[in-house]
Amino acid sequence: MSAPLAAQVSAALKPLCWWVLSVAELVRVTKQAELKRGKIADAEARVATTEKYVRQLRGELHSAAQEEQRQSKAKRNAERDIAEMHELIKDTDLSSQNLDQLEAALELLQVHWKGRLE
């Protein structure tokens, strides 16, 4: 029964109808609000989980950046060591050439002095 129809039946029935309709609407709105609060709580839980995951990823990213820096430093040190080794190889080659020349010179001197001493 609608409120205007109830007003035709009785003067007391109209306010009672409005009250019943208002309570019914309040119950409906309360249920909708509870559903929305539940959805909000679920969304907040998902946000908290996502934030935790983002913090974890940031930590991993920070660790990866530190590891990259460590690896870069190790690479630079290795490249420097390789360059030093190349220089040592050049020095060794030069020293070998010098020794070969000295041995040749000594052989010539030995031949020369043996000839003079005989």
Side-chain angles (χ1 to χ4, degrees):
M1 177 177 284
S2 68
L5 183 60
Q8 293 174 357
V9 174
S10 164
L13 190 55
K14 181 179 178 182
L16 184 60
C17 262
W18 280 116
W19 180 83
V20 168
L21 291 172
S22 296
V23 168
E25 182 66 14
L26 178 64
V27 168
R28 185 185 70 76
V29 168
T30 301
K31 286 180 183 179
Q32 286 179 347
E34 287 174 8
L35 288 173
K36 289 180 181 180
R37 282 189 197 108
K39 288 179 182 180
I40 289 170
D42 290 344
E44 287 174 343
R46 285 193 310 273
V47 165
T49 301
T50 302
E51 287 174 344
K52 180 181 176 183
Y53 181 65
V54 166
R55 282 192 302 275
Q56 178 185 353
L57 289 177
R58 283 183 180 151
E60 290 174 9
L61 183 61
H62 180 69
S63 296
Q66 288 179 330
E67 179 63 17
E68 190 273 334
Q69 288 176 351
R70 190 185 69 74
Q71 291 290 335
S72 292
K73 184 178 179 182
K75 179 184 174 196
R76 286 190 305 273
N77 289 339
E79 288 171 344
R80 186 191 70 232
D81 291 346
I82 289 170
E84 287 175 6
M85 294 218 174
H86 283 293
E87 291 299 317
L88 286 173
I89 290 170
K90 286 179 187 176
D91 289 346
T92 302
D93 289 344
L94 184 60
S95 295
S96 293
Q97 290 172 0
N98 289 341
L99 281 174
D100 291 344
Q101 289 175 357
L102 281 173
E103 286 175 354
L106 280 174
E107 287 176 17
L108 289 174
L109 284 173
Q110 282 177 348
V111 170
H112 176 71
W113 284 103
K114 275 186 184 180
R116 282 193 171 226
L117 291 174
E118 294 178 352

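Being a predicted model, the structure only gives us computed values, none of them experimental. Only heavy atoms go into these numbers, but all of them, side chains included; no hydrogens, no water, no symmetry mates.
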**Message:** Taking CZ in Arg58 as the centre, count heavy atoms belonging to other residues, nucleotides or ligands within less than 6.0 Å. Is the count above 12?
**Reply:** no

**Prompt:** Can you find a side-chain donor-acceptor pair between Glu60 and Gln56 that sits under 3.5 Å?
**Reply:** yes

**Request:** Give a yes or no on whether a salt bridge exists between Glu79 and Arg76, defined as a side-chain N under 4.0 angstrom from a carboxylate O.
**Result:** no

**Asked** Which distance, rounded to the nearest 0.5 Å, do you find between the CD of Glu84 and the CG of Asn77?
**Response** 9.5 Å

**Prompt:** What's the spacing between Leu26 CG and Leu21 CG if we round to 0.5 Å?
**Reply:** 12.5 Å

**Prompt:** Under 4.0 Å between a Lys/Arg side-chain N and an Asp/Glu carboxylate O for Lys31 and Glu34?
**Reply:** no

**Item:** Cationic N near anionic O, under 4.0 Å, Glu87 to Lys90
**Value:** yes

**Prompt:** Between atom CD1 of Ile89 and atom NE2 of His86, what is the distance when rounded to the nearest 0.5 Å?
**Reply:** 6.0 Å

**Request:** Report the distance from atom CD of Glu25 to atom OG of Ser22, rounding to the nearest 0.5 Å.
**Result:** 8.0 Å

**Request:** Following the transitive rule for hydrophobic clusters with a side-chain heavy-atom cut-off under 4.5 Å over Ile, Leu, Val, Met, Phe, Trp and Tyr, establish whether Leu88 and Leu99 coincide in one cluster.
**Result:** no

**Request:** Calculate, to the nearest 0.5 Å, the distance between atoms CD and OG belonging to Glu103 and Ser96 respectively.
**Result:** 9.5 Å

**Request:** For atom NE2 of His62, decide whether the heavy atoms of other residues, nucleotides or ligands shown that lie under 6.0 angstrom number more than 12.
**Result:** no

**Request:** Measure the shortest side-chain to side-chain distance between Arg55 and Glu51 over non-hydrogen atoms and say whether it is less than 4.5 angstrom.
**Result:** yes

**Message:** Test of understanding: clusters of I, L, V, M, F, W, Y form through side-chain heavy atoms closer than 4.5 Å, transitively. Do Ile82 and Met85 belong to the same one?
**Reply:** no

**Complete:** Interatomic distance, CD@Glu68 vs CD@Gln66, rounded to 0.5 Å, equals 11.0 Å

